[in-house]
Amino acid sequence: MKVFISYSSKDRKLAWRIADALRNADFQVWDDTQIFPGDNWAEVIANELRESDAMVILLTPNSVDSPYINAEVGYALGEQGYKGRVIPVLAAPSEEISQLEVEIPWILKKFGIIHISNLEDDEEGLRNITQALKKAAA
């Protein structure tokens, strides 16, 4: 199963932790580090989204207002025939979660959100992401 991770560049460390956990669970993970100088970003991202089986959307204080994240989400949800699983992951310290939940687009709330509150070490959150993807693959 090929997984596309959508995240703010400011959250790269957390996105890579998620990607590593998914790769260790035998998922093929794509992220923007695989875009090369001179590549057309929009075209590469659109192609990767079309080819993905699932999209993990990392929602953080850095990403909820990001035009890039919103464009990726909009493309995936608006793409006719996109059959990939959409898995929103809310990652923020406990004291920021309620405020951040208000800012999340309503459509993403319909998918069910996985919470990660301990950004440095949340093995349960990583397990929940992996399990959601395994369920989608079954």
Side-chain angles (χ1 to χ4, degrees):
M1 171 181 255
K2 186 173 184 176
V3 181
F4 181 101
I5 299 179
S6 179
Y7 65 96
S8 166
S9 61
K10 294 176 184 174
D11 300 316
R12 187 174 310 270
K13 183 178 176 182
L14 179 57
W16 287 354
R17 283 190 59 239
I18 293 170
D20 286 344
L22 296 178
R23 287 183 184 109
N24 289 336
D26 295 325
F27 290 102
Q28 181 185 358
V29 179
W30 187 89
D31 61 53
D32 65 3
T33 62
Q34 297 169 48
I35 298 177
F36 299 104
D39 283 349
N40 179 325
W41 274 69
E43 183 178 311
V44 171
I45 288 172
N47 286 335
E48 293 301 329
L49 275 167
R50 274 193 297 275
E51 293 176 8
S52 69
D53 300 300
M55 178 183 194
V56 172
I57 304 165
L58 190 53
L59 300 165
T60 69
N62 297 318
S63 71
V64 291
D65 292 325
S66 167
Y68 303 108
I69 304 296
N70 290 331
E72 291 170 1
V73 171
Y75 183 85
L77 297 179
E79 177 70 12
Q80 187 164 352
Y82 180 74
K83 303 205 185 323
R85 177 95 163 211
V86 175
I87 301 176
V89 176
L90 178 60
S94 300
E95 61 274 5
E96 294 180 30
I97 286 182
S98 59
Q99 175 58 37
L100 193 56
E101 284 178 329
V102 171
E103 298 177 38
I104 295 172
W106 68 270
I107 191 72
L108 292 180
K109 294 176 185 177
K110 299 293 183 188
F111 290 99
I113 296 175
I114 295 173
H115 290 81
I116 295 179
S117 58
N118 180 351
L119 302 183
E120 296 303 317
D121 182 30
D122 190 337
E123 294 303 317
E124 181 181 354
L126 295 173
R127 238 184 341 271
N128 289 340
I129 297 167
T130 303
Q131 288 172 348
L133 288 168
K134 285 182 179 180
K135 184 184 282 188

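Quick caveat, the model's predicted, so the values are computed rather than measured.
- Across Ala91 and Pro61, no two heavy atoms sit closer than the pair O-CD, 3.9 Å.
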Show every donor-acceptor pair shorter than 3.5 Å between a side-chain atom in residues 35-48 and any protein atom, with sequence neighbours excluded, or say none if there are none.
| residue | atom | partner | partner atom | Å |
| --- | --- | --- | --- | --- |
| Asp39 | OD2 | Phe36 | N | 2.8 |
| Asn40 | OD1 | Ala42 | N | 3.1 |
| Asn40 | OD1 | Glu43 | N | 3.1 |
| Asn47 | OD1 | Arg50 | NH2 | 2.3 |
| Asn47 | ND2 | Glu43 | O | 3.3 |
| Glu48 | OE1 | Lys2 | NZ | 2.5 |

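- Proximity of Ile18 to Tyr7: side-chain heavy atoms (C-beta onward) are nowhere separated by under 4.5 Å.
- Thr130 and Ala21 get closest at one heavy-atom pair: OG1-O, 4.4 Å.
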Could you go through residues 131-138 and list every donor-acceptor pair under 3.5 Å that involves a side-chain atom there, pairing it with any protein atom two or more places apart or in another chain?
none

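- Partners of Lys10 by side chain to side chain contact (heavy atoms under 4.5 Å, CB included), not counting sequence neighbours, listed by chain and number: Ser8, Asn62.
- The CD1 atom of Ile114 lies 11.0 Å from the CD1 atom of Ile57; values are rounded to the nearest 0.5 Å.
- The CG atom of Asp11 lies 3.5 Å from the OG1 atom of Thr60; values are rounded to the nearest 0.5 Å.
- From Asp20, atom CG reaches atom CG of Leu126 across 9.5 Å, with rounding to the nearest 0.5 Å.
- Under the rule for a salt bridge (Lys or Arg N to Asp or Glu O under 4.0 Å), Arg127 has no partner lying at least two apart in sequence or in another chain.
- The salt bridge (Lys or Arg N to Asp or Glu O under 4.0 Å) test applied to Asp32 returns Arg12, not counting sequence neighbours.
- Met55 pairs with exactly one of Ile87, Ile5, Val73 by the side chain to side chain contact (heavy atoms under 4.5 Å, CB included) rule, that one being Val73.
- For Tyr68, the side chain to side chain contact (heavy atoms under 4.5 Å, CB included) criterion is met by Ser66, not counting sequence neighbours.
- Note that CG of Leu90 is 9.0 Å distant from CG of Leu58, once rounded to the nearest 0.5 Å.
- Here the side chains of Phe4 and Glu51 are not in contact, with every heavy-atom distance at 4.5 Å or above.
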